[in-house]
Amino acid sequence: MILGIVLIAKGLRDQYLENKKKAAADAAESDKQRVDNLVSAFGSLLGKMSADNEKYTVLSYQVTRLKNLVNELENRQKELEDSNRVLSDVNTELKRSNTTLINKAKDLREDIQQREEAIRDMENYVDSIESIKLGLEIAVNNIDAEEISFLSRAITSLGVTPSVRERLAKEGILYIGELIYLSEDYLMDIWGVGPVTIDRIKNKLNENGVWFGMDVIRINDRWYRRKSTNNVLNYGRE
């Protein structure tokens, strides 16, 4: 009886120990599983940290490049601003120089015009002196000349209309001789003197042996032409 009880107690103790070992083994397995899970989670976390670190490194590199690019652009902008200021100064100087040159050119043109006018006045003065000299020589019979009496007639002898005659008189043209010093273009510019009147005047001049541009000398209100053996009247001149 006692032996049976002992055996039962031993069996119960062995069963208890076995259960305890199994429980301990299960707990150990569970702990191992938790540790494995923690190790796996930690490894995953390390992987993410490593990936984030790589991303951070790449981003840091890109940020550095962007900063360098911004600095380069700022330096380039400063260079362009400096160049623009230089160009602006050059443009201002060119405008100032251009204005100076324009003013000098204007002054030079005015000076040339004044000199040309002075030369023309001198030429006219010389021509008038020559005419006066020639007229005096003709007057004292030092030069053989013939009087062209037709040129001493009033412009009414040309048979022009009263309006044309009045217009010519306003231009200071009172004698036929004063017409031949003028050009046809000049007469055409006078209002009321048209092609028909010009042709009438030319025909009348040619009929009387004179023409526009004829070389004559005026003494008072008479016109003379120097005589020459080769001096032949050209009735067809215009």
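Counting begins at 1 with the first residue of the sequence. Only this structure's heavy atoms are used, side chains among them; waters, hydrogens and symmetry mates stay out.
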Quiz prompt | Residues T161, T197; criterion side-chain contact (heavy atoms from CB on, under 4.5 Å); working and verdict | solution = CA-CA 9 Å; T161 62; T197 302; 5.8 Å; no
Quiz item: Which heavy-atom pair separates L174 from E178 by the least distance, and what is that distance?
Solution: N-OE1, 2.6 Å
Self-check item: Side-chain heavy-atom pair M188, P195 within 4.5 angstrom cut-off
Solution: yes
Quiz item: Is W211 close to I180 at the side-chain level, that is, under 4.5 Å between some pair of heavy atoms?
Solution: no
Quiz item: Between D82 and K78, does at least one N-O distance fall below 4.0 Å, as a salt bridge requires?
Solution: yes
Self-check item: Closest contact, heavy atoms only, Y186 versus E171
Solution: OH-OE1, 3.3 Å
Quiz prompt | Gap separating the CZ atom of F212 from the CG atom of D185, nearest 0.5 angstrom | solution = 10.5 Å
Quiz item: Rounded to the nearest 0.5 Å, what separation is found between the OG1 atom of T64 and the CG atom of L69?
Solution: 12.5 Å
Quiz item: In chain order, what residues pass the salt bridge (Lys or Arg N to Asp or Glu O under 4.0 Å) check against R96, with sequence neighbours excluded?
Solution: E93
Quiz item: Could you give the distance from CD1 (I173) to CD1 (I155), rounded to the nearest 0.5 Å?
Solution: 7.0 Å
Quiz prompt | Whether T99 side chain and K95 backbone form a donor-acceptor pair below 3.5 Å | solution = yes
Exercise. Return yes when atom CZ of R222 has more than 12 non-hydrogen atoms of other residues, nucleotides or ligands closer than 6.0 Å, and no otherwise.
Key: no
Quiz item: Which salt bridge (Lys or Arg N to Asp or Glu O under 4.0 Å) pairs, counting each pair once, include a residue from residues 56-76, with sequence neighbours left out?
Solution: R76-E79
Self-check item: Smallest separation among heavy atoms of N208 and R153, with atom names
Solution: OD1-NH1, 4.4 Å
Self-check item: Test side-chain contact (heavy atoms from CB on, under 4.5 Å) applied to W223 and S152, step by step
Solution: CA-CA 7 Å; W223 278 261; S152 302; 3.7 Å; yes
Quiz item: Hey, quick one: are V196 and L187 part of the same hydrophobic cluster, counting side-chain heavy atoms closer than 4.5 Å, chains of contacts allowed?
Solution: no
Quiz item: Can you tell me if CG on N91 sees more than 12 non-hydrogen neighbours from other groups inside 6.0 Å?
Solution: yes
Quiz item: Run the side-chain contact (heavy atoms from CB on, under 4.5 Å) check on I201 and I176 step by step: do they pass?
Solution: CA-CA 10 Å; I201 291 174; I176 297 175; over 6 Å; no
Practice problem: For atom CG of N68, decide whether the heavy atoms of other residues, nucleotides or ligands shown that lie under 6.0 angstrom number more than 12. | Solution: yes
Exercise. Output the distance between atom CG (L158) and atom NZ (K202), rounded to the nearest 0.5 Å.
Key: 14.0 Å
Exercise. To the nearest 0.5 Å, tell me how far K170 NZ sits from I190 CD1.
Key: 12.0 Å
Exercise. Working to the nearest 0.5 Å, report the span between CD1 of I148 and CE of M214.
Key: 4.5 Å
